[in-house]
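Structure first, commentary second.
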Protein chains: 2
Amino acid sequence: MITSTVENYVKQIYLQQQENPADLLPMGKLATAMNVVPGTATAMVKALADSGLVDYEPRGGIRLTHGGEQLALHVLRRHRILESFLVEILGLDWSEVHEEAETLEHAVSDKVLERMDHLMNRPQYDPHGDPIPTAKGQISHIRLMPLSDMAPGTSAQVARVADQDAAFLRFAEKNGLLPGVKFSLISSDSQADAVTIRLRNKQTITLGGKAAEKILVRKKTG
Amino acid sequence: MITSTVENYVKQIYLQQQENPADLLPMGKLATAMNVVPGTATAMVKALADSGLVDYEPRGGIRLTHGGEQLALHVLRRHRILESFLVEILGLDWSEVHEEAETLEHAVSDKVLERMDHLMNRPQYDPHGDPIPTAKGQISHIRLMPLSDMAPGTSAQVARVADQDAAFLRFAEKNGLLPGVKFSLISSDSQADAVTIRLRNKQTITLGGKAAEKILVRKKTG
DNA sequence: TGCCCTCTTTTGAATAATCAAAATCACTTA
DNA sequence: TAAGTGATTTTGATTATTCAAAAGAGGGCA
Ligand SMILES: [Mn+2]
Ligand SMILES: [Mn+2]
Ligand SMILES: [Mn+2]
Ligand SMILES: [Mn+2]
């Protein structure tokens, strides 16, 4: 049965797998990501394998089957459309919608989701800049550069803020670091592990390496 | 723990209790309403009693405690605001929103619900004419008369359609029997178990006793 | 080669919810 | 008052999910 637990596992496996698409995902990684003890992950993975959602190599790791990936993308679509809806239609803050969507993604029907999607004019990206899979299960795989890798003097725009932590998102918002915002890199000091950028409104912001890695940018086309 | 199962039981107990507010609700009634075998209801009720949500008299029946009633009203509020939202904002048909709300009522947070309520300008009634409890747990208890009890020649307006069955709701909608619609009773034949009404648009509709009981009306004030 | 450390699996147990079927209870009815 | 009947409870199982703790596997290091 596809319970919300199964949906959460499959979605998390997909997300973790993205970080290392070539390798099998080790059980330990999954257990940590799911916040369960390793034995729980093993038990669950066996059930997922029985349902044909993952391929499981004992002591090797796991990988989603095609069916598993489709399910993951379907859940991800629900999650991201819901986040967009909560921000655009209901006016919630982008720092709080991830939590809300985490529950709603298991409760909303395809029909309701379709209405939400339609009402928002079918957005391609969620409020954090994450691509929204299509109803058919396609997702855009545009390679983005972390702000921390930019060369000094270059310009770019924020494409994605890759952290669901509410405090970080509030920090980013307060400093105008939202998807679509343009800026140029003023300085980058690898010894100091810090970069300084200037936004269009002349405001300058300095970020440490950890934070700069979470801001994914798109090079200014030209 | 307040699982969605607990919420469903408590809500159903509240609803069933309304039909006979003076008596204890018998286990059999509850089991039937919840679509479980009697033993399951007994087991669940013991758990609800342990959580302080119901008073349970073995072989007598049950009654919600104050806490249980508050929880029931809270769930009912979520259910009815969601139904309204699905109809008014997302444009679903009133015949399908009950099912959708049945799941969403357990997933939506108070914050999101408050935004929905605000966006709709705080409706007092859901699409079927059922009163929406306040956030504080108050609910209007206006006594309504079933259409089947009206005297010939009198006028009234539809206040509530007391049936969640999609087919019946589609039938009612097709014939213009929506909350707020005014009409007068043309004839009532108890032998034939049928009543005929005329709407403002001159359309006449004949209903059998079963159907007429499900249409609750408000006497024309005057 | 043998021990050790880490990761993973197994085992045993718990909670929540449910069913099937047997047992029990509280009333009627004869 | 004994038997019968219908509602309710009890008992024994099952499924899904989880944890704690013991056991096992494998690779690295002395
Ligand atoms: Mn989730
Ligand atoms: Mn997001
Ligand atoms: Mn429900
Ligand atoms: Mn309703």
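Atom set for the values below is all heavy atoms of this structure, side chains included, hydrogens, waters and symmetry mates excluded.
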Query raised in the report: Do B:Met44 and B:Val36 come within less than 4.5 Å of each other through their side chains, counting heavy atoms only?
Result: no
Query raised in the report: So, is B:Lys46 close to the D:dT9 phosphate, meaning a side-chain N or O under 4.0 Å from OP1 or OP2?
Result: no
**Report entry** side-chain hydrogen bond (donor to acceptor under 3.5 Å, both in side chains) contacts in which one or both residues fall within residues 17-33 of chain B, not counting sequence neighbours
**Finding:** B:Asn20-B:Asp23
Report summary line: On DNA chain D, more 5' by nearest nucleotide between A:Arg59 and A:Ala47 is A:Ala47
Rounded off to whole Å, could you give me the [atom1]-to-[atom2] distance for the [X] and [N] pair?
X: A:His106; N: D:dA16; atom1: NE2; atom2: P; value: 17 Å
X: B:Asn8; N: C:dA17; atom1: CG; atom2: P; value: 10 Å
X: A:Ile2; N: D:dT15; atom1: CD1; atom2: P; value: 19 Å
X: A:Met27; N: D:dT18; atom1: CE; atom2: P; value: 13 Å
X: B:Glu57; N: D:dT9; atom1: CD; atom2: P; value: 11 Å
X: B:Met34; N: C:dT18; atom1: CE; atom2: C1'; value: 12 Å
X: B:Met1; N: C:dT15; atom1: CE; atom2: C1'; value: 7 Å
X: B:Leu48; N: C:dT18; atom1: CG; atom2: P; value: 11 Å

Query raised in the report: Between A:Glu7 and A:Arg78, is there a salt bridge with N-O shorter than 4.0 Å?
Result: yes
Heavy atoms only, 4.0 Å cut-off, all strands: where does [X] land among base, sugar-phosphate and nothing?
X: B:Val36; result: sugar-phosphate
X: B:Thr40; result: base
X: B:Lys29; result: nothing
X: A:Thr42; result: base
X: A:Gly28; result: sugar-phosphate

What's the closest nucleotide to the side chain of [X] if the choices are [options]?
X: A:Tyr56; options: D:dT18, D:dT8, C:dT9; result: C:dT9
X: B:Val37; options: C:dA20, C:dT18, C:dT9; result: C:dA20
X: B:Thr5; options: C:dT18, C:dT8, D:dT8; result: C:dT18
X: A:Ala43; options: D:dT18, D:dT9, C:dT8; result: D:dT18

Requested in this report: Please determine which of B:Leu76, B:Leu25, B:Val10 meets the side-chain contact (heavy atoms from CB on, under 4.5 Å) test together with B:Leu15.
Outcome: B:Leu76
Query raised in the report: Is it the case that B:His79 and B:Asp126 place a side-chain donor and acceptor less than 3.5 Å from each other?
Result: no
Query - Whichever of B:Thr3 and A:Gly60 has its nearest DNA chain C nucleotide further upstream toward 5' - result: A:Gly60
